[in-house]
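I have placed the structure first, in the form of C-alpha coordinates, so that the comments after it can refer back to it.
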Amino acid sequence: MRILNQDIYLLSCLQQNDLTAFECIFRKYYSVLCAYGARFVPIEDAEEIAGDTLLWLWEHRQALNIQNSLGGYLLKSVYHKAINQIKENEIKNAADTKFFEATQQLMEEESFYRFQELSKRLKEAINALPSSYREAFIMHRFQGKSYKDIADILNVSPKTVDYRIQQALKLLRKELQEYLPFLFIAIPHFLTHYKHIL
(Lines give C-alpha, C1' and ligand atoms only; values in the text may rest on other atoms or scores of the structure.)
Protein backbone atom coordinates (compact mmCIF):
# COMPACT_ATOMS: atom_id res chain seq x y z
CA MET A 1 0.00 0.00 0.00
CA ARG A 2 2.90 2.35 0.82
CA ILE A 3 4.34 1.84 -2.68
CA LEU A 4 0.99 2.55 -4.27
CA ASN A 5 0.55 5.67 -2.13
CA GLN A 6 4.03 6.81 -3.10
CA ASP A 7 3.15 6.53 -6.79
CA ILE A 8 -0.10 8.41 -6.26
CA TYR A 9 1.87 11.18 -4.57
CA LEU A 10 4.47 11.27 -7.34
CA LEU A 11 1.76 11.41 -10.01
CA SER A 12 0.05 14.24 -8.19
CA CYS A 13 3.32 16.19 -8.05
CA LEU A 14 4.03 15.33 -11.68
CA GLN A 15 0.74 16.87 -12.76
CA GLN A 16 1.83 20.04 -10.97
CA ASN A 17 4.93 20.19 -13.21
CA ASP A 18 7.26 18.95 -10.48
CA LEU A 19 10.44 17.87 -12.30
CA THR A 20 11.79 16.24 -9.13
CA ALA A 21 8.79 13.90 -9.11
CA PHE A 22 9.54 12.92 -12.69
CA GLU A 23 13.17 12.22 -11.80
CA CYS A 24 12.00 9.97 -8.95
CA ILE A 25 9.68 8.06 -11.29
CA PHE A 26 12.46 7.74 -13.86
CA ARG A 27 14.94 6.33 -11.34
CA LYS A 28 12.34 3.97 -9.92
CA TYR A 29 11.04 2.49 -13.18
CA TYR A 30 13.60 2.96 -15.98
CA SER A 31 15.68 -0.18 -15.24
CA VAL A 32 12.54 -2.25 -14.69
CA LEU A 33 11.07 -1.12 -18.01
CA CYS A 34 14.34 -1.83 -19.83
CA ALA A 35 14.50 -5.37 -18.44
CA TYR A 36 10.85 -5.99 -19.31
CA GLY A 37 11.17 -4.61 -22.84
CA ALA A 38 14.28 -6.74 -23.44
CA ARG A 39 12.04 -9.82 -23.21
CA PHE A 40 10.61 -8.83 -26.58
CA VAL A 41 13.20 -6.72 -28.43
CA PRO A 42 17.01 -6.22 -28.32
CA ILE A 43 18.25 -4.36 -25.24
CA GLU A 44 19.19 -1.24 -27.24
CA ASP A 45 15.62 -1.00 -28.50
CA ALA A 46 14.23 -1.77 -25.05
CA GLU A 47 16.23 1.09 -23.56
CA GLU A 48 14.92 3.47 -26.21
CA ILE A 49 11.34 2.32 -25.65
CA ALA A 50 11.68 2.72 -21.88
CA GLY A 51 13.04 6.24 -22.29
CA ASP A 52 10.32 7.17 -24.78
CA THR A 53 7.62 5.81 -22.45
CA LEU A 54 8.82 7.86 -19.50
CA LEU A 55 9.26 10.95 -21.67
CA TRP A 56 5.69 10.50 -22.89
CA LEU A 57 4.57 10.40 -19.26
CA TRP A 58 6.17 13.78 -18.64
CA GLU A 59 4.88 15.37 -21.84
CA HIS A 60 1.30 14.23 -21.13
CA ARG A 61 1.40 14.76 -17.37
CA GLN A 62 -1.54 17.18 -17.39
CA ALA A 63 -3.88 14.72 -19.11
CA LEU A 64 -2.90 11.55 -17.23
CA ASN A 65 -5.76 9.35 -16.02
CA ILE A 66 -4.12 6.27 -14.51
CA GLN A 67 -6.74 4.14 -12.80
CA ASN A 68 -4.52 1.34 -11.49
CA SER A 69 -0.84 1.25 -10.53
CA LEU A 70 1.70 3.47 -12.28
CA GLY A 71 4.06 0.50 -12.69
CA GLY A 72 1.39 -1.58 -14.42
CA TYR A 73 0.54 1.33 -16.70
CA LEU A 74 4.17 1.81 -17.73
CA LEU A 75 4.78 -1.91 -18.28
CA LYS A 76 1.69 -2.14 -20.48
CA SER A 77 2.86 0.84 -22.50
CA VAL A 78 6.32 -0.71 -23.00
CA TYR A 79 4.70 -3.99 -24.05
CA HIS A 80 2.58 -2.33 -26.74
CA LYS A 81 5.51 -0.27 -28.04
CA ALA A 82 7.70 -3.38 -28.25
CA ILE A 83 5.04 -5.38 -30.09
CA ASN A 84 4.48 -2.52 -32.53
CA GLN A 85 8.20 -2.36 -33.23
CA ILE A 86 8.32 -6.10 -33.89
CA LYS A 87 5.45 -5.74 -36.38
CA GLU A 88 7.14 -2.77 -38.07
CA ASN A 89 10.37 -4.73 -38.45
CA GLU A 90 8.50 -7.69 -39.95
CA ILE A 91 6.77 -5.40 -42.47
CA LYS A 92 10.08 -3.76 -43.35
CA ASN A 93 11.80 -7.11 -43.90
CA ALA A 94 8.91 -8.42 -45.98
CA ALA A 95 8.93 -5.29 -48.14
CA ASP A 96 12.68 -5.58 -48.66
CA THR A 97 12.36 -9.22 -49.73
CA LYS A 98 9.53 -8.40 -52.12
CA PHE A 99 11.57 -5.60 -53.68
CA PHE A 100 14.52 -7.89 -54.35
CA GLU A 101 12.33 -10.63 -55.81
CA ALA A 102 10.51 -8.22 -58.14
CA THR A 103 13.66 -6.51 -59.35
CA GLN A 104 15.39 -9.85 -59.91
CA GLN A 105 12.83 -10.68 -62.57
CA LEU A 106 13.22 -7.28 -64.19
CA MET A 107 17.01 -7.51 -64.20
CA GLU A 108 16.94 -10.84 -66.02
CA GLU A 109 15.16 -9.11 -68.90
CA GLU A 110 17.86 -6.47 -69.30
CA SER A 111 20.57 -6.75 -71.93
CA PHE A 112 24.16 -7.67 -71.13
CA TYR A 113 25.25 -4.14 -72.02
CA ARG A 114 22.82 -2.65 -69.53
CA PHE A 115 24.14 -4.94 -66.81
CA GLN A 116 27.76 -4.10 -67.58
CA GLU A 117 27.03 -0.39 -67.47
CA LEU A 118 25.19 -0.73 -64.18
CA SER A 119 27.99 -2.80 -62.66
CA LYS A 120 30.50 -0.11 -63.49
CA ARG A 121 28.35 2.67 -62.07
CA LEU A 122 27.55 0.63 -58.98
CA LYS A 123 31.22 -0.02 -58.27
CA GLU A 124 32.00 3.67 -58.60
CA ALA A 125 29.09 4.64 -56.34
CA ILE A 126 30.06 2.13 -53.64
CA ASN A 127 33.68 3.29 -53.72
CA ALA A 128 32.47 6.87 -53.26
CA LEU A 129 30.54 6.05 -50.07
CA PRO A 130 31.92 7.29 -46.71
CA SER A 131 34.18 4.57 -45.36
CA SER A 132 32.00 3.66 -42.36
CA TYR A 133 28.90 3.33 -44.57
CA ARG A 134 30.79 1.37 -47.24
CA GLU A 135 32.27 -1.04 -44.69
CA ALA A 136 28.90 -1.94 -43.12
CA PHE A 137 27.17 -2.10 -46.52
CA ILE A 138 29.76 -4.46 -48.03
CA MET A 139 29.72 -6.81 -45.04
CA HIS A 140 25.93 -7.01 -45.13
CA ARG A 141 25.12 -7.06 -48.85
CA PHE A 142 28.24 -8.75 -50.18
CA GLN A 143 29.37 -11.00 -47.37
CA GLY A 144 25.93 -11.90 -46.02
CA LYS A 145 26.69 -10.91 -42.44
CA SER A 146 23.84 -10.06 -40.05
CA TYR A 147 23.56 -6.68 -38.34
CA LYS A 148 24.59 -8.32 -35.06
CA ASP A 149 27.69 -9.94 -36.60
CA ILE A 150 28.72 -6.64 -38.16
CA ALA A 151 28.12 -4.82 -34.88
CA ASP A 152 30.39 -7.30 -33.07
CA ILE A 153 33.13 -6.89 -35.67
CA LEU A 154 32.99 -3.08 -35.69
CA ASN A 155 32.35 -2.80 -31.94
CA VAL A 156 29.21 -0.68 -32.42
CA SER A 157 25.53 -1.27 -31.73
CA PRO A 158 23.23 -3.06 -34.25
CA LYS A 159 21.27 0.20 -34.52
CA THR A 160 24.43 1.98 -35.65
CA VAL A 161 24.98 -0.72 -38.26
CA ASP A 162 21.38 -0.33 -39.44
CA TYR A 163 21.82 3.45 -39.68
CA ARG A 164 25.02 3.16 -41.72
CA ILE A 165 23.50 0.66 -44.15
CA GLN A 166 20.35 2.74 -44.58
CA GLN A 167 22.45 5.83 -45.26
CA ALA A 168 24.53 3.88 -47.79
CA LEU A 169 21.34 2.76 -49.55
CA LYS A 170 20.04 6.33 -49.56
CA LEU A 171 23.23 7.63 -51.17
CA LEU A 172 23.27 4.82 -53.72
CA ARG A 173 19.64 5.41 -54.66
CA LYS A 174 20.37 9.10 -55.20
CA GLU A 175 23.51 8.44 -57.23
CA LEU A 176 21.96 5.63 -59.31
CA GLN A 177 18.32 6.69 -59.42
CA GLU A 178 18.09 6.06 -63.16
CA TYR A 179 18.98 2.42 -62.45
CA LEU A 180 16.84 2.11 -59.33
CA PRO A 181 14.67 -0.84 -60.48
CA PHE A 182 17.83 -2.89 -61.10
CA LEU A 183 20.21 -1.48 -58.52
CA PHE A 184 20.60 -4.20 -55.92
CA ILE A 185 20.00 -7.15 -58.21
CA ALA A 186 23.32 -6.36 -59.85
CA ILE A 187 25.18 -6.92 -56.60
CA PRO A 188 25.26 -10.76 -56.58
CA HIS A 189 26.55 -10.87 -60.19
CA PHE A 190 28.92 -7.99 -59.56
CA LEU A 191 30.39 -9.43 -56.37
CA THR A 192 32.85 -11.74 -58.11
CA HIS A 193 34.54 -8.80 -59.79
CA TYR A 194 34.25 -6.26 -57.00
CA LYS A 195 35.60 -8.31 -54.09
CA HIS A 196 39.12 -8.25 -55.53
CA ILE A 197 39.44 -4.51 -54.93
CA LEU A 198 37.94 -4.36 -51.41
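As a basis for the values below, the full set of heavy atoms in this structure was taken, side chains included, without hydrogen atoms, waters or symmetry mates.
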task = Indicate yes or no: at least one non-hydrogen side-chain atom of I165 is less than 4.5 angstrom from one of Y147.
result = yes

OG (S132) and OH (Y163) are apart, to the nearest 0.5 Å, by 9.0 Å

Check your understanding: Between T53 (side chain) and I49 (backbone), is there a donor-acceptor pair under 3.5 Å?
Key -> yes

ask   = Between L19 and L55, is there a shared hydrophobic cluster once you connect ILVMFWY residues whose side-chain heavy atoms come closer than 4.5 Å?
value = no

CG of L70 to CD1 of I8, rounded to nearest 0.5 Å, is 10.0 Å

Scanning both residues in full, the closest heavy-atom pair of S157 with A151 reads C-CB, 3.8 Å

Between the CG atom in D149 and the CD atom in Q143, the distance rounded to the nearest 0.5 Å is 11.0 Å

*asked:* Strictly distance-based, threshold 3.5 Å: is any side-chain N or O of D45 a donor or acceptor partner for the main-chain N or O of V41?
replied: no

Would Y133 and F137 count as a close aromatic pair, with their ring centres under 6.0 Å?
no

Sidechain-backbone polar pair: D18 side chain, L14 backbone, donor-acceptor under 3.5 Å: no

CD1 (I138) and CG (L129) are apart, to the nearest 0.5 Å, by 8.0 Å

Practice prompt. Answer whether the closest heavy-atom distance between the side chains of K28 and Q6 falls below 4.5 Å.
Written response: yes

ask   = Any side-chain heavy-atom pair from K145 and M139 closer than 4.5 angstrom?
value = yes

Quick one, R164 and L154 - any side-chain contact, counting heavy atoms below 4.5 Å?
yes

- Going by heavy atoms in the side chains, are S77 and H80 under 4.5 Å from each other? no

Scanning both residues in full, the closest heavy-atom pair of L171 with P130 reads CD1-CD, 3.8 Å

Heavy-atom nearest pair, E175 first then R121, reads O-NH2, 3.5 Å

Closest heavy-atom pair, A46 versus A38, reported as atoms and distance to 0.1 Å, is CB-N, 3.4 Å

Quiz prompt | Contact check, side chains of R141 and L169, non-hydrogen atoms, under 4.5 Å | solution = yes

Is there a chain of hydrophobic side chains (I, L, V, M, F, W, Y, each step under 4.5 Å between heavy atoms) that links V78 to I43?
no

Here the ring-ring contact (aromatic ring centres under 6.0 Å, His included) pairs for residues 32-61, sequence neighbours left out, are F22-W58, Y36-F40, F40-Y79, W56-H60

Tell me yes or no: between the side chains of D7 and Y73, is some donor less than 3.5 Å from an acceptor? no

Separation between CG (D52) and CG (L57), nearest 0.5 Å, reads 12.5 Å

Mind checking whether I150 and P158 have side chains closer than 4.5 Å, heavy atoms only? no

One should read off an interatomic distance between K148 NZ and D152 CG, to the nearest 0.5 angstrom, of 4.0 Å

Next on the checklist: Under 3.5 Å, is there a donor on one side chain and an acceptor on the other for R61 and N17?
Outcome noted: yes

- Given side chains that start at C-beta, do those of L74 and L54 come closer than 4.5 Å, heavy atoms only? yes

* Asked: Among the clusters formed by ILVMFWY side chains lying less than 4.5 Å apart, do F26 and V32 turn up in the same one?
  -> yes

